[in-house]
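Working notes, structure below.
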2 protein chains.
Amino acid sequence: MAAPKDPRPCSIADTLALVGEKYSLLVLREVCLGNGRFDQLVRNIGAPRDVLATRLRRLVEADILTKRLYSERPQRFEYRPTPAGLELEPVLLTLMAWGDRHIRQDDDRPMVVEHSCHHELIPVVTCAACGEAVSHEDLTARPQSPGWTVTGRTAA
Amino acid sequence: MAAPKDPRPCSIADTLALVGEKYSLLVLREVCLGNGRFDQLVRNIGAPRDVLATRLRRLVEADILTKRLYSERPQRFEYRPTPAGLELEPVLLTLMAWGDRHIRQDDDRPMVVEHSCHHELIPVVTCAACGEAVSHEDLTARPQSPGWTVTGRTAA
DNA sequence: ACCGGTGAGTAGGAAATCCAAACTCACCAT
DNA sequence: ATGGTGAGTTTGGATTTCCTACTCACCGGT
């Protein structure tokens, strides 16, 4: 799992090293929906139990999930998202919206999320500073470390 | 890659089936930065060449990338994002911001993205209808198909 | 006490993937 | 002729994943 060659330093790569393995983001989906028990996860995700156990260990270790005891006598645990885990929910929402748009262009979406404003949630990524929706042409990459060669719109 | 058991229908899972394999999103990162040539990708990502070739084929097939000829006589290709591919850029930005916040709490970010408003881009996911930043407590999941049991805040 | 059921995993070997390095093929430069 | 580059493919071995079955602890009914 270490560097095969010398990939460049990148927070995207580092984040994916934590949550980019198969099923990890689906675990987060379930846990955000409140389905945090092992057998629920197995059923809803369809992952092998051993892989799931491994993912859960890593996600707890990365402080994305916490393991909560919900029954003392037969020790039973439930996984819940930490604040850091909840901050990944926007990633899930954006992925879901993309799939809804590009994979099922018909209206057979398997789930709809409603916002507290009583409209269906259509997530839009905006710039915190100006509030505008972000589009590719408005972005300029500014590498902070050497090794980042960018051929496109790059500031000096 | 088919259903191992009966995972529930989900656009997150379907999208991850396209871009969730190892390196796929890093390929998209490079391509969005303008580094679309094979050897650049190998160097910048650090992936084995055969795996990269497989990923590129799948991403082209999924209409996330296109293969463009940039030199006739020695046939040379370059990969570029399609409109659908560009719509995944917000996912990358959100992952990057998460990593910057939670993995490197210090200020040694490897890259900063600047928005056309001349401020550093801090991506925020908002609701298209009301414009508010999305937070977990404001969301209600509304399953559209059977098989979705949600224990948390679910509308009837 | 016994039987079946549930929840949370572990064990084991087959199947699929991944990895690194070497190789190909087509072209250009010296 | 030799060397170099770009875009991959091949090869063979190391890792992971997958899936079924098993364990262990407990509970509920009879």
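Fair warning: this is a prediction, and the values are worked out from it, not measured in the lab. Residue numbering restarts at 1 for every chain, and letters A, B, ... go by the order of the sequence lines.
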(message) As a test of reading the structure: which of D/dG8, D/dT5, D/dC19 is closest to the side chain of A/D50, going by heavy atoms?
(response) D/dC19

(request) Would you kindly give the CG-to-P distance between A/L52 and D/dC18, to the nearest whole Å? (result) 11 Å

(message) Reading DNA chain C from 5' onward, which residue's closest nucleotide shows up sooner: B/Q75 or A/F38?
(response) A/F38

(request) Examine D/dC18: is either OP1 or OP2 under 4.0 Å from a nitrogen or oxygen in the side chain of A/K22? Give yes or no. (result) yes

(request) For D/dT16, take OP1 and OP2 only and decide whether either is under 4.0 Å from a side-chain N or O of A/Y23. (result) no

(request) Answer whether the closest heavy-atom distance between the side chains of B/W98 and A/L18 falls below 4.5 Å. (result) yes

(request) Give the nucleotide from the list C/dG7, C/dC19, D/dA7 with an atom nearest to the side chain of B/Y70. (result) D/dA7

(request) Could you state the atom-to-atom distance from CG of B/N44 to C1' of D/dG6 in whole Å? (result) 15 Å

(request) Quick one: closest heavy-atom pair of B/Y79 and B/V31, and the distance? (result) O-CG1, 3.8 Å

(message) Give me the atom names and distance for the closest heavy-atom approach of B/E89 to A/L139.
(response) OE1-CD1, 3.9 Å

(message) Measuring from the side chain of B/D39 (C-beta onward, heavy atoms only), which nucleotide among D/dA7, C/dG7, D/dC19 has the closest atom?
(response) D/dA7

(request) Would you kindly give the CG-to-P distance between B/N35 and D/dG6, to the nearest whole Å? (result) 13 Å

(request) Whole angstrom is fine here: how far is it from CG in B/L56 over to C1' in D/dA7? (result) 10 Å

(request) Round to the nearest Å and state the distance from B/E21 atom CD to C/dC18 atom C1'. (result) 12 Å

(message) Hydrophobic clustering (ILVMFWY, side-chain heavy atoms < 4.5 Å, transitive) - are A/L86 and B/V125 grouped together?
(response) no

(request) Between C/dT10, D/dA25, C/dC28, spot the one nearest the side chain of A/R76, thanks. (result) D/dA25

(message) Taking 4.0 Å as the cut-off, does a side-chain nitrogen or oxygen of A/Y79 come that near to OP1 or OP2 on C/dA8?
(response) no

(request) Among B/R104, B/R101, B/R109, B/H102, find the one that has a side-chain hydrogen bond (donor to acceptor under 3.5 Å, both in side chains) with A/S11. (result) B/R104

(request) Send over the distance from B/R49 CZ to D/dG6 C1', rounded to a whole Å. (result) 8 Å

(message) Under 4.0 Å from OP1 or OP2 of D/dG8: is there any side-chain N or O of B/R55 that close?
(response) no

(message) Rounded to whole Å, please give me the gap between CG in A/L41 and C1' in C/dA8.
(response) 11 Å

(message) Using whole Å, what does the distance between atom P of nucleotide D/dT17 and atom CD1 of A/I45 come to?
(response) 15 Å

(message) When you measure from the side-chain N and O atoms of B/R57 to the phosphate of D/dT9, is any distance below 4.0 Å, counting only OP1 and OP2?
(response) yes

(request) Would you tell me if any nitrogen or oxygen in the side chain of B/K67 comes within less than 4.0 Å of OP1 or OP2 on D/dG8? (result) yes

